[in-house]
Amino acid sequence: MEYIKNRFYQKASKWTVDYQRLKKDHSDKVIAQVTIGQVLTGMKGVPSLVTDTSKLDANEGIRFRGYSIPELREKLPRLNKEGEPLPEGLFYLMLVGEIPDRDDVLNISKDWATRSHVPQHTFDVIESMPRNSKPMTQFSMAILSMATESIFQKAYRAGVNKKYYWDTTYEDVMNLIARLPRIAAYIYRREFHNGNHIEPNPHLDWAGNLAHMMGHDSEEIKRLLRLYMVIHADHEGGNVSAHTAHLVGSALSNPYYAYSAAMLGLAGPLHGYANQEVINWIFDMQKSLYTENPTKEQIADYCHKTLKDGRVIPGYGHAVLRKTDPRFTAQKEFAEKYIKNDNLINIVNTLYEVVPGVLKETGKVNNPWPNVDAYSGSLLYHYGIKEYTFYTVLFGVSRALGVLASLITDRLYGMPIERPTSHPLEWYIKQAEGTA
Ligand code: HAX
């Protein structure tokens, strides 16, 4: 599969020249000012990262190398006419910067199948963890345990020239992505199917094989997981999981370390764990209202109660977006096309009518609209993946595509260790008062 690596290198070498030229000739150019408000609210809007794979617009949502989600669903190769695009194609697009043809995508599927062997000690690490370890803990630990396999780390220790760091990073990234479905499915089957594991099928695509190894072999679930893996793959560079992978990777930690750390960020309830919280919260609502079919008014009351209790409504709001997340819309359209009358999906749709108004009433929520996590759980649940404490792992499998593609370019560009400046609170107070 050398040709994809070579194609990436041809394209990315030109970007590297731009990166180095910008650094050399324009380092003094001022591009933004930073306010105290930005420092105190999570550095929102501070341009400080270089990420080529995707860009998030507050109103329009995500574009991957310039393509919106509807455009990707139209243009990326798929296995059959009716299906969803293969995530392999999105990975190629994010890495190389061009829409791949069908052969490129099938070749990546094959390449990942040949790289997908998970070392036995990784399964042993998973097995050694108590049954009450959260699936995301197991997932992150399993990824970390594979650092023994890092080709980058071995090459670094052997004294490889820094201009070749990207090459072994590429190999690690391809191996790591290839193995994630097996690891995720293993954790799932251990946790929810008495350790009755299912071997991979090397003839299946990456997402199809994940569904197969989880024991959900229908074409419908495979189609859903392909969509799921595409829409969760990247969200520019500043979100917690992407930023963590970049930050840890900037110390030249190997890709297994960087991605294991990223997964611990994704596991937080304000980030990827929100996809579990949504379902949990809806079930709590049904229990507390003694009905499976709450009315619009009951749902609105429950939302008010959640806010009164000092909690967030999961699946709503975003640090950057200011409109309905197109990843939410893609899933809603999928449900409208394929699913007739599902109770949980009906509730998710009613929430969409109710929650934005409730959040607007607070006067403080900057984005009252739903994000990707508001819909995803209800679709998985509908197709029989009901074990919602596992949902963030599926998000984690997908997120690898974007952030690890970025890690390869980080290394090719020769990005330095990341090291922003911090000050004591007193320093900011003096700045505000003009007494510094
Ligand atoms: N419910 C209740 N209050 C909310 C809220 C929500 N869904 N979204 C924001 N707020 C509150 C914030 O907690 C904050 O309150 P305080 O001033 O009292 O601290 C205020 O509104 C302003 O916050 P913001 O500027 O609108 O939002 P942030 O950028 O600080 O946070 C979050 C963005 C996504 C973390 C936030 O909207 C949230 O907590 N949402 C619910 C959890 C969620 O769905 N997370 C997933 C986000 C998408 C993602 O990363 N997926 O992986």
Side-chain angles (χ1 to χ4, degrees), residues 35 37-46 54 56-59 61-62 69 136 139 228-245 262-282 284-285 299-331 348 351-352 354-380 388 390-403:
T35 65
Q38 286 176 306
V39 173
L40 301 187
T41 55
M43 297 186 286
K44 312 257 170 59
V46 180
S54 67
L56 184 57
D57 177 87
N59 294 309
I62 191 72
I69 288 175
M136 279 304 276
F139 191 54
Y228 188 102
M229 293 295 140
V230 164
I231 62 176
H232 288 81
D234 209 30
H235 223 218
E236 73 169 40
N239 65 76
V240 172
S241 49
H243 191 182
T244 303
M263 289 302 90
L264 298 179
L266 191 74
L270 298 189
H271 192 16
Y273 190 82
N275 66 7
Q276 302 182 188
E277 287 282 276
V278 168
I279 301 300
N280 203 21
W281 181 82
I282 291 175
D284 280 352
M285 171 170 71
I299 290 179
D301 286 348
Y302 193 79
C303 291
H304 284 116
K305 180 180 175 319
T306 299
L307 295 179
K308 203 162 146 266
D309 291 346
R311 297 166 61 201
V312 295
I313 299 178
Y316 281 76
H318 200 272
V320 180
L321 281 168
R322 294 297 175 257
K323 289 270 167 64
T324 296
D325 190 335
R327 302 173 299 174
F328 174 93
T329 309
Q331 295 178 93
V348 166
L351 283 166
Y352 188 30
V354 171
V355 176
V358 172
L359 289 179
K360 278 182 201 167
E361 284 167 20
T362 68
K364 68 170 183 181
V365 178
N366 284 308
N367 176 37
W369 301 105
N371 59 57
V372 65
D373 300 316
Y375 226 101
S376 58
S378 65
L379 286 176
L380 294 167
Y388 61 89
F390 181 75
Y391 289 173
T392 313
V393 174
L394 291 175
F395 194 156
V397 174
S398 166
R399 188 45 63 101
L401 300 175
V403 310

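For ligands, and for the atoms within them, numbers begin at 1 and follow the listed sequence.
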Subject >> Closest approach of C303 to V358 (non-hydrogen atoms, all atoms of both residues) >> reply: CB-CG1, 4.0 Å
**OP:** Please report the closest heavy-atom contact between T306 and I313, naming both atoms and the distance.
**Re:** CG2-CG1, 4.2 Å
**OP:** Could you tell me whether the side chain of Y316 reaches within less than 4.5 Å of the side chain of L351, counting heavy atoms only?
**Re:** yes
**OP:** Answer yes or no: is there a side-chain heavy-atom contact under 4.5 Å between L266 and T392?
**Re:** yes
Original post:
Step by step, would you call H235 with H318 a ring pair (Phe, Tyr, Trp, His ring centres under 6.0 Å)?
Top reply: CA-CA 12 Å; H235 223 218; H318 200 272; 5.2 Å; yes
Original post:
Thinking salt bridges, do K305 and D309 make one under a 4.0 Å N-O criterion?
Top reply: yes
What short N/O contacts, under 3.5 Å, does ligand 1 make with the protein, listed by atom pair and distance?
unit_1, atom_1, unit_2, atom_2, d
ligand 1, 1 (N), I313, N, 2.9
ligand 1, 7 (N), I313, O, 2.9
ligand 1, 7 (N), Y316, O, 2.8
ligand 1, 15 (O), K364, NZ, 3.4
ligand 1, 18 (O), K364, NZ, 2.7
ligand 1, 25 (O), N366, ND2, 2.8
ligand 1, 26 (O), N366, N, 2.8
ligand 1, 29 (O), K44, NZ, 3.0
ligand 1, 40 (N), Y316, O, 2.8
ligand 1, 44 (O), G315, N, 2.8
ligand 1, 44 (O), N371, ND2, 3.0
ligand 1, 45 (N), L270, O, 2.9
ligand 1, 50 (O), H271, ND1, 2.9
ligand 1, 51 (N), D373, OD2, 2.7
ligand 1, 52 (O), H271, O, 3.3
ligand 1, 52 (O), H271, ND1, 3.1
ligand 1, 52 (O), G272, N, 3.4
ligand 1, 52 (O), D373, OD2, 3.3

